[in-house]
Enquirer: 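Starting off with a structure, shown below.
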4 protein chains.
Amino acid sequence: MPRPSRFPELVEAAGAEFREHGYDNATLEGISARLGILKGSVYNYVASKEELLLAVVEGPAEALLAQVDALLADSSSGVAVRLRELVRIQVRVFADHYPAAFVYLQRVGRARTPAFARFDEMDRHYLAAVESLLAEGARTGELSLPTDPRIAARAVIGMLDWMQHWFTPRGAAEDAALADELTALILGGLLAGGGVHGLTRSVPAAPRSPGAGAPG
Amino acid sequence: MPRPSRFPELVEAAGAEFREHGYDNATLEGISARLGILKGSVYNYVASKEELLLAVVEGPAEALLAQVDALLADSSSGVAVRLRELVRIQVRVFADHYPAAFVYLQRVGRARTPAFARFDEMDRHYLAAVESLLAEGARTGELSLPTDPRIAARAVIGMLDWMQHWFTPRGAAEDAALADELTALILGGLLAGGGVHGLTRSVPAAPRSPGAGAPG
Amino acid sequence: MPRPSRFPELVEAAGAEFREHGYDNATLEGISARLGILKGSVYNYVASKEELLLAVVEGPAEALLAQVDALLADSSSGVAVRLRELVRIQVRVFADHYPAAFVYLQRVGRARTPAFARFDEMDRHYLAAVESLLAEGARTGELSLPTDPRIAARAVIGMLDWMQHWFTPRGAAEDAALADELTALILGGLLAGGGVHGLTRSVPAAPRSPGAGAPG
Amino acid sequence: MPRPSRFPELVEAAGAEFREHGYDNATLEGISARLGILKGSVYNYVASKEELLLAVVEGPAEALLAQVDALLADSSSGVAVRLRELVRIQVRVFADHYPAAFVYLQRVGRARTPAFARFDEMDRHYLAAVESLLAEGARTGELSLPTDPRIAARAVIGMLDWMQHWFTPRGAAEDAALADELTALILGGLLAGGGVHGLTRSVPAAPRSPGAGAPG
DNA sequence: AATGAATGAGGCTTCATTCAT
DNA sequence: TATGAATGAAGCCTCATTCAT
């Protein structure tokens, strides 16, 4: 009866270690110790530390993007509904793949090697998806964006991605509730009285798209 | 003719290097090379690499917090106005102290040594300030939060802090305009028609505060 | 239908790999991959990497020495003829057992473990054979050595062994022709006019044998 | 009074270690131990082990090539005389820079990294020089080559380079004498009676140049 | 005969830090 | 202030070898 490969264990250990110490500070020593093997033995499973990072992040990230793409393509529901679903999906990813999401976000814009061009690619993909959803809403009149769609997308994404610093899963129901609260915040804003308020649109929003040479 | 101490130069070099490579990957070699000196010479100015990080971040961070505190204490203007000012301040910090802000955010929740307890402290301080501003708005009826104030604060902060990944300064006027667009987004949300919409508050927001043991 | 042992395949793979990367840089991984098996499986055939080296080299080397010994013992032809045959044999070895010869020569004087005392032994054996052939020629008057026989032998051997760096087999006939050209060079030298020339023997050759502690 | 840099010491230690164990088996540990420093300290002098190899070999190799080039250009003496000088130069290099020469020869045709393209380049350079000298001799009628000039050059070079395996320096005078004996051998061959002998040119030397794809 | 996993030793390299000058 | 050299610790990775299955 062949022992099952311990690859999944390894990836999980790596995820935990990356998330706890950060990729750069995490050591193969620490990761392998979690499996009770020596650091050299890790190379029976992967060819490098980087590959381990990829293994941690790739699955969940691809899955997330696939879901987001499906959402975009589904024109059977309105933009607001789909935005709500987007937030729910994102929260679920945090809940289910916490280390992966955390590690991924820690590395965004930090791709130093060709192997991680993939990271930035996924990042652009996600941004484009959200932007396109918001733009669609603006086109249909369902949304009214106070900024360039790209900036609005970045604001939404920032709000969601920052959850890495404070979110703790509490079970599917509570997490979905949290997601919907965030959606309400995004859609309705904070102002009392239905958002009609002098301040809200006081500045004639000179449309503005971020520079190509954005940092990071 | 005695040369003046090159400490400021050093701090700037360190900021640039930290921001480009991340604190962990930045080397004293690289930093000192920017001044045309050798890495050992850095110890004429600071006692450790960590101290350099502190030197980079401390000034701007303290200044930011002081401004934020002043804002909180100033009851002469409404919450929305003060929130707008908060966003403007934050954007200005990014514009004027980009490396510091970037590096600071990269290190949030990553305090490994006692020297950096200060980091987490500042983080909590900032969060508390924003939360208290929002709570005040809810109390006065100026705001209507779809979530727990702490979560709303975290959403706002996330939106702002994520700017590290995309913001590029364009001059005071344009930057202020951008800040105000973001404020509009925060206050008014994305939904057309004044935020009165079935979806916006569809989920009875079970108030919810994040766990004490939040990760990171 | 039982597969035959793949030992010969293994030895060939090892020879190729040793020759391509050098013994030290060659890996069992690379060798075994040529058979489509894993490196651990190699130990079903040999007990160590060194043994593999031995297996690669031993056969051809012993065969070469046997031929050379036979040549020495055969007093039915003159020294020059036998020298020509020696060169032909050597060239044939390069043609037929290229990796073995290459690897062998790469290891000359590099015996680090007892298992390879055999290498140095064979080396001495070969040198002694050539030296004795040349000395015989000098004794019979067929040759006229401008140097100590041992040095002449080393010169001849050097010329031949260096072929590892440039020889490529072209078929029996062409290879034999090349061998005979080299023989002509060894016997007749490069000078025009029958070798009678002031320079040729200008230096009264103080007989000289190499030191026992010769390096390598 | 500044301590002199120990770089020369380091290069010498590296040369000795490379020559004793071979480049691949030599360790920075062993090299640095000869200076009484730790292995990491070596990186104050060079950026890599390879650079150390380069440092060991480069100087003597360039010097040798420069001398050889000068020899080629000097048309004031005959080819035979210049060939004798070539041999003397080569022997002197072995005497004066033994480890460098040894290590160099051990690496010929083994350039794996771009940094060592230089090695193969020097190798080609040397071969071309000798070949051109021999060809000149054939043209002027001073020499009579039984083979293609390139092959004759390789034969001569082989004879000389193989000295790495047996040569031990004995002082300038004795070394020069040895060089001249070898020259006599090259020019006059081994055959008694002035090289006029049936065997010497018995094989009609079908001119033959080595394949471009020569191994190693 | 072959696999998959593990070991253990060692190698190269990096880097913050120290210190005499 | 700055240098040059050294330390020491640690990290990633390689690889021959072992062994249960």
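Every chain is numbered from 1 and lettered A, B, ... according to where its sequence line falls, protein lines coming before strand lines. Since the model is a prediction, treat every value here as computed from it, not as a measurement. In what follows, every heavy atom counts, from backbone to side chain, and hydrogens, waters and symmetry copies are set aside.
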Enquirer: Taking atom C1' of E/dC15 as reference, at what distance in whole Å does atom CG of B/Asn25 sit?
Expert: 12 Å
Enquirer: Rounded off to whole Å, could you give me the CD-to-P distance for the C/Glu29 and F/dC13 pair?
Expert: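 The distance from CD of C/Glu29 to P of F/dC13 comes to 16 Å, rounded to the nearest Å.
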Enquirer: Is any side-chain N or O of D/Tyr45 closer than 4.0 Å to OP1 or OP2 of F/dA6?
Expert: yes
Enquirer: By the 4.0 Å heavy-atom rule, please label D/Leu38 as base, sugar-phosphate, or nothing.
Expert: base
Enquirer: Can we say C/Arg124 and C/Glu121 salt-bridge, meaning some charged N sits less than 4.0 Å from an Asp/Glu carboxylate O?
Expert: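 No, this pair does not count.
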Enquirer: Side-chain N or O of B/Arg6 versus OP1/OP2 of F/dA2: is the shortest distance under 4.0 Å?
Expert: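 Answer yes for this pair, as a side-chain N or O of B/Arg6 is under 4.0 Å from OP1 or OP2.
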Enquirer: Is C/Tyr43 touching bases, backbone alone, or none of the nucleic acid, heavy atoms closer than 4.0 Å?
Expert: base
Enquirer: Without decimals, in angstroms, what is the distance between A/Lys49 NZ and F/dC12 P?
Expert: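 Value for this atom pair: 4 Å.
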Enquirer: If you only use heavy atoms from C-beta on, which nucleotide in E/dT17, F/dC13, E/dT3 is closest to the side chain of C/Ile37?
Expert: E/dT3
Enquirer: Is it true that, when you exclude D/Glu51 itself, more than 12 heavy atoms of the residues, nucleotides or ligands shown sit nearer than 6.0 Å to its CD?
Expert: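 Yes, because the 6.0 Å sphere around CD of D/Glu51 holds more than 12 heavy atoms from other groups.
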Enquirer: What's the closest nucleotide to the side chain of D/Lys39 if the choices are F/dA6, F/dA10, F/dC13?
Expert: F/dA10
Enquirer: Report yes or no: is the cationic atom of A/Lys49 (NZ for Lys, CZ for Arg) under 6.0 Å from the centre of the six-membered ring of A/Phe18, at an angle within 45° of the ring normal?
Expert: no
Enquirer: Counting just side-chain N and O atoms, does A/Ser41 come under 4.0 Å of either OP1 or OP2 of E/dA5?
Expert: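 No, A/Ser41 has no side-chain N/O under 4.0 Å of OP1/OP2 on E/dA5.
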Enquirer: If you assign A/Tyr23 and C/Asp24 each to the DNA chain F nucleotide with the nearest heavy atom, which residue ends up on the more 5' nucleotide?
Expert: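 That would be A/Tyr23.
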Enquirer: Given atom CZ of C/Phe7 and atom C1' of E/dA2, what is their separation to the nearest angstrom?
Expert: 17 Å
Enquirer: As an exercise, state the distance from CD of C/Gln164 to CZ of C/Arg19, rounded to the nearest 0.5 Å.
Expert: 10.0 Å
Enquirer: On DNA chain E, does the nearest nucleotide to B/Ala26 precede the nearest nucleotide to A/Val42 from the 5' side, or the other way round? Give the residue.
Expert: A/Val42
Enquirer: Using the rule side chain to side chain contact (heavy atoms under 4.5 Å, CB included), only one of D/Val56, D/Asn44, D/Val42 pairs with D/Leu10; which is it?
Expert: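 So the option named by the test is D/Val42.
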Enquirer: Starting at NE2 of A/His97, measure out to OH of A/Tyr104 and round the result to the nearest 0.5 Å.
Expert: 14.5 Å
Enquirer: Both D/Glu50 and A/Leu35 contact DNA chain E. Taking the nearest nucleotide for each, which residue is further toward the 5' end?
Expert: A/Leu35
Enquirer: Check this for me, if you would: do B/Arg107 and B/Glu50 make a salt bridge, where the nitrogen-to-carboxylate-oxygen distance has to be below 4.0 angstrom?
Expert: no
Enquirer: Rounded to whole Å, please give me the gap between CG in A/Leu52 and C1' in F/dC12.
Expert: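 So the two atoms are 12 Å apart, to the nearest Å.
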Enquirer: A/Phe116 vs A/Phe119 aromatic rings, parallel, tilted or perpendicular, using cut-offs 30° and 60°?
Expert: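 Aromatic pair A/Phe116/A/Phe119 classed perpendicular.
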Enquirer: Quickly work out the A/His21 NE2 to F/dG11 P distance and round it to whole Å.
Expert: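 In whole Å, F/dG11 P and A/His21 NE2 are 10 Å from each other.
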Enquirer: Can you tell me how far P of F/dT18 sits from CG of A/Asn44, to the nearest Å?
Expert: 16 Å
Enquirer: Rounding to a whole Å, what distance do you find between A/Leu28:CG and E/dT13:C1'?
Expert: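 Taking atom C1' of E/dT13 as the reference, CG of A/Leu28 is at 15 Å.
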Enquirer: For a stem of at least 3 consecutive Watson-Crick or G-U pairs with distances under 3.5 Å, i pairing with j, i+1 with j-1 and so on, which stems involve DNA chain E?
Expert: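 Only these stems qualify: E:2-21 with F:2-21.
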Enquirer: Taking only side-chain nitrogens and oxygens of C/Thr27, does any of them come within less than 4.0 Å of OP1 or OP2 of F/dT14?
Expert: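 No, no such contact exists.
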